[in-house]
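Have a look at the structure below, then the notes.
Atom set for the values below is all heavy atoms of this structure, side chains included, hydrogens, waters and symmetry mates excluded.
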Amino acid sequence: TDSWRGLVTLAAVLIPMGMTFGGLAATLEVDRTTLLLAGAVVVLFGVRELMRSRQAQGLVDLLADQALHDPLTGLGNRRALAERLIEMSTLTTPVTVLTLDVDRFKLVNTEFGHMIGDDVLAAVGLALKEATAPVGARAFRLGGDEFAVLAVGDNDIGLMLADRVRAAVLRRTNEVPG
């Protein structure tokens, strides 16, 4: 829709300009070179504005994505979880929310440094993606070492997800160097 909007804007500029230049060429003695140069300037202006519009839309999309995702793990953030919970509040089926945090994470940061701590968090995020995506659940990083998993389903789904998450997190975090 934004591309169409840009094209409509470009057409809205070019059509009247073309008519104006055409009228000038018909009624006045205007040099064809001058007319072509003026037309080229108008076209280049229109193309530049179309490109700026696309760049601006790309930036808006990027900022909207960043507002809902954790940059370290790529998971949805606390705000994304809140929005998803609001969306799901109208469902008549049960919803399961699992929360977890990384045990002794402060010790990891203290003993091995924040870079290794970030590696651990990234590994947990990857493990959560692997464990949740195949069953239609979503994972979120709430902040620090706190995570959440959201799924449609009852306690059985929650237990199955807890097992999947535990196994994936253990496997991924054992791969972290340090």
Side-chain angles (χ1 to χ4, degrees), residues 1-12 49-109 112-178:
T1 60
D2 292 319
S3 294
W4 282 110
R5 192 176 311 144
L7 289 174
V8 168
T9 302
L10 184 61
E49 290 307 307
L50 181 61
M51 291 178 70
R52 282 185 178 176
S53 172
R54 286 187 178 169
Q55 286 175 337
Q57 186 59 48
L59 182 57
V60 167
D61 293 344
L62 176 66
L63 292 173
D65 184 65
Q66 288 177 345
L68 296 173
H69 289 88
D70 173 60
L72 181 62
T73 63
L75 298 176
N77 60 17
R78 184 180 299 270
R79 179 177 175 193
L81 174 61
E83 288 183 10
R84 186 68 182 123
L85 284 169
I86 291 168
E87 291 170 9
M88 295 177 87
S89 67
T90 61
L91 296 177
T92 57
T93 56
V95 174
T96 297
V97 179
L98 303 175
T99 60
L100 63 131
D101 65 71
V102 179
D103 287 342
R104 298 183 293 278
F105 183 70
K106 287 183 182 180
L107 181 64
V108 170
N109 274 338
F112 300 103
H114 290 280
M115 286 180 58
I116 297 295
D118 285 352
D119 289 345
V120 168
L121 294 173
V124 170
L126 185 58
L128 290 175
K129 287 178 194 175
E130 291 172 355
T132 58
V135 295
R138 282 190 57 194
F140 303 86
R141 180 173 177 216
L142 305 181
D145 66 343
E146 297 175 334
F147 295 86
V149 174
L150 181 61
V152 175
D154 58 11
N155 289 343
D156 292 337
I157 294 292
L159 292 172
M160 180 269 300
L161 268 171
D163 287 339
R164 289 178 63 89
V165 164
R166 183 182 308 112
V169 168
L170 288 173
R171 183 177 62 256
R172 282 290 174 182
T173 54
N174 283 332
E175 296 171 1
V176 175

Exercise. What residue pairs, at least two apart or across chains, pass side chain to side chain donor-acceptor pair (under 3.5 Å) with a residue in residues 91-101?
Worked result: none
Problem set entry | Inter- and intrachain pairs under side chain to side chain donor-acceptor pair (under 3.5 Å), touching residues 141-164, at least two apart | Asp70-Arg141, Asp163-Arg166
Seminar exercise, completed: For Arg79, the side chain to side chain donor-acceptor pair (under 3.5 Å) test, sequence neighbours excluded, returns Glu83
Exercise. Taking only residues two or more places apart in sequence or in another chain, which ones pass side chain to side chain donor-acceptor pair (under 3.5 Å) with Gln55?
Worked result: none
Exercise. Given the rule in the side-chain contact (heavy atoms from CB on, under 4.5 Å) test, do Leu81 and Asn77 qualify, once you have shown the distances and angles that lead to the verdict?
Worked result: CA-CA 6 Å; Leu81 174 61; Asn77 60 17; over 6 Å; no
Looking only at heavy atoms, what is the nearest atom pair of [X] and [Y], with distance?
X: Met88; Y: Leu150; answer: SD-CD2, 3.5 Å
X: Arg78; Y: Leu142; answer: NH2-O, 3.1 Å
X: Arg172; Y: Ala127; answer: CG-CB, 3.6 Å
X: Gly76; Y: Ala80; answer: CA-CB, 4.0 Å
X: Ala122; Y: Leu72; answer: CB-O, 4.3 Å

Quick one: pull up [atom1] in [X] and [atom2] in [Y] and give me the separation to the nearest 0.5 Å.
X: Leu68; Y: Leu75; atom1: CG; atom2: CG; answer: 13.0 Å
X: Asp119; Y: Leu126; atom1: CG; atom2: CG; answer: 12.0 Å
X: Ile86; Y: Arg84; atom1: CD1; atom2: CZ; answer: 11.5 Å

Report the residues that fulfil side chain to side chain contact (heavy atoms under 4.5 Å, CB included) with [X], sequence neighbours left out, ordered by chain and then residue number.
X: Ala151; answer: Ala137, Ile157, Leu161
X: Leu107; answer: Arg104, Glu111
X: Arg171; answer: Glu130, Ala168, Glu175

Exercise. Can you find a heavy atom in the side chain of Val149 that is under 4.5 Å from one in the side chain of Val97?
Worked result: no
Exercise. Considering only heavy atoms from C-beta outward, does the side chain of Leu100 approach that of Leu128 to under 4.5 Å?
Worked result: yes
Problem set entry | Steps toward side-chain contact (heavy atoms from CB on, under 4.5 Å) verdict (Phe147, Val102) | CA-CA 9 Å; Phe147 295 86; Val102 179; 4.2 Å; yes
Exercise. Distance-only, no hydrogens or angles: does the Lys129 side chain make a donor-acceptor pair with backbone N or O of Thr73 under 3.5 Å?
Worked result: yes
